[in-house]
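Structure first, then comments.
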2 protein chains.
Amino acid sequence: MQTNPPPRRRNAAATREAILASARRAFAQAGYDGAGVREIAAGAGVTAMLVNRYFGSKEQLFAEVLAATAASPTILTRENLKSPRLGETIAAMLVDITKTADTPLEGFLIMMNSASSKRAAEIGREQIEEGHQKLLSSALSGELAPQRAALVLSLVAGFQVMRQMIGLSALAEADPADLVKILAPLFQQLVDGEPGSPVSSPD
Amino acid sequence: MQTNPPPRRRNAAATREAILASARRAFAQAGYDGAGVREIAAGAGVTAMLVNRYFGSKEQLFAEVLAATAASPTILTRENLKSPRLGETIAAMLVDITKTADTPLEGFLIMMNSASSKRAAEIGREQIEEGHQKLLSSALSGELAPQRAALVLSLVAGFQVMRQMIGLSALAEADPADLVKILAPLFQQLVDGEPGSPVSSPD
DNA sequence: TGATAAAGTATACAGTTGCAGACATAAGGG
DNA sequence: CCCTTATGTCTGCAACTGTATACTTTATCA
């Protein structure tokens, strides 16, 4: 590890991390298009050119941010996947964690805010498919595991959007326990694949 | 009211409508920030200045688009709300309608794409709360009706985002019938409030 | 203590964006 | 018929974007 007790001398690694952190913040708040390179740089206390110098381009920076975010522990840890009450676990973490600032769910926020950008959506899709989607669907059993896994992610994303971004009062001001009570069976149903009482009658 | 059934070369009202329609298309596809005034104008066959001339500014145009979209029929018509199988109805319309261009869900797409813009999110929240949220939650019975209604909207939004914007292959390339099969019981459970087989054991 | 490469900055450029002012065109009334 | 006015366009501007080139500053090592 480098020695950097003083505010900040010249330290490439630390600067890189600072830019990465600033970028994550900015992307989470404004999305890919909304966050400017100069703004990101300012947040890290450097000039815009250093961003390109370290990451090549804004696009590559975005990819690295997503990759780093995906690498950090999320709701879907291997440990959690083994839980027999996975639905409740997901629901509880989703509802609870959402409130904190530096959250594993920041990646979802970034994605939601950046989804309008075609290129950013493409990058994010690969990250999600290689990360969460793959991990989760492989942990599920049943015929439509990929689809069910994708719907788990959809519900997580939608909840985040409505509660965090839109700020729907019914969610934002609700009792977390109530939300968990509603969400848990939903997730559980997706995870199990068989709700016990199918609605439509297949072939 | 003026009498001008034939498509006159110069027709203010028709031009205004054309701009509005083009704007709705553009906003649904690229979001508030992503859609340019020139692009919107071109879609209506006019120049950019006419947009500002008729609507004052891009922001006012956006507000009008949202207002008009909210006024148009959505999934949650009063007729649908009476269905005993509301869950399946919602799922079917969500999965099916998504593909079409001029969809009642266009409003949701606009919201999701524009949610990164603070002002746009604020406008959208009011629209949702005054429109869908209110309508749906009043049609539901049970203790946590507003929350359950909000979660219906969340799932709709998340599905839209993941399938349309992110383009998650598990959803985008899935058999629509399969998606409906999974989604229907989810929505039904939210609508009913009681899944029949509760997962967690409350007090 | 210098030399040298790394770390960071300044300037600039080509491309947008939303929007304003001056100009052109066509419709309708006297 | 011309003249007024609504309807629409052309040009341009100031601010912004991402990023390439050239420059300056600092750390490190002989």
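So you know, we letter chains A, B, ... as the sequences are listed, proteins then strands, and number each from 1.
Mapping Glu39(A) and Gly56(A) onto DNA chain D by nearest heavy atom places Glu39(A) closer to the 5' end of the strand.
In plain terms, the two heavy atoms of Ala92(A) and Val180(A) that are nearest each other are CA-CG2, 3.9 Å. Considering every non-hydrogen atom in both Ala70(A) and Gln127(A), the closest pair reads CB-OE1, 4.1 Å. Contact record, Leu86(A) with Gln188(A): N-OE1, 3.5 Å, taken as the closest heavy-atom pair.
Here dT11(D) presents its P atom at 13 Å from CZ of Arg38(B), a figure rounded to the nearest Å. Residue Tyr32(A) contributes atom OH, which lies 11 Å from atom C1' of dT17(D) at whole-angstrom precision. Rounded to whole angstrom, the span from the CG atom of Asn52(A) across to the C1' atom of dA22(D) amounts to 16 Å. For the pair Met49(B) CE and dA20(C) C1', the computed distance is 6 Å after rounding to whole Å. Note: CD (Gln60(B)) to P (dG18(C)) measures 15 Å, nearest angstrom. Residue Leu50(B) contributes atom CG, which lies 15 Å from atom P of dA26(C) at whole-angstrom precision. In this entry the distance linking CD1 of Ile19(B) with C1' of dG8(D) reads 10 Å, nearest Å. What separates CD1 of Ile40(A) from P of dT19(D) is a distance of 11 Å, to the nearest Å.
No salt bridge links Lys181(A) with Glu143(B); every basic N to acidic carboxylate O contact stays at or beyond 4.0 Å.
Using a 4.0 Å heavy-atom criterion, one finds that Phe55(B) contacts no nucleic acid atom at all. Across all strands shown, Ala35(B) has heavy atoms under 4.0 Å from sugar-phosphate atoms exclusively, and none from any base. Nucleic acid contact class of Ala41(B) (heavy atoms, under 4.0 Å, all strands): none.
Because its NZ or CZ atom is both nearer than 6.0 Å to the ring centre of Tyr32(A) and within 45° of the ring axis, Lys58(A) counts as a cation-pi partner of that residue.
Of the side-chain N and O atoms in Tyr54(A), one or more sit less than 4.0 angstrom from OP1 or OP2 of dG8(C). Using a 4.0 Å cut-off, no side-chain N or O of Thr47(B) falls inside it from OP1 or OP2 of dC10(D). Contact annotation: Ser57(B) side-chain N/O to dG18(C) OP1/OP2 distance is not under 4.0 Å.
Interface remark: the Arg53(A) side chain does not form any donor-acceptor pair with the dT19(D) base, using a distance-only criterion of under 3.5 Å.
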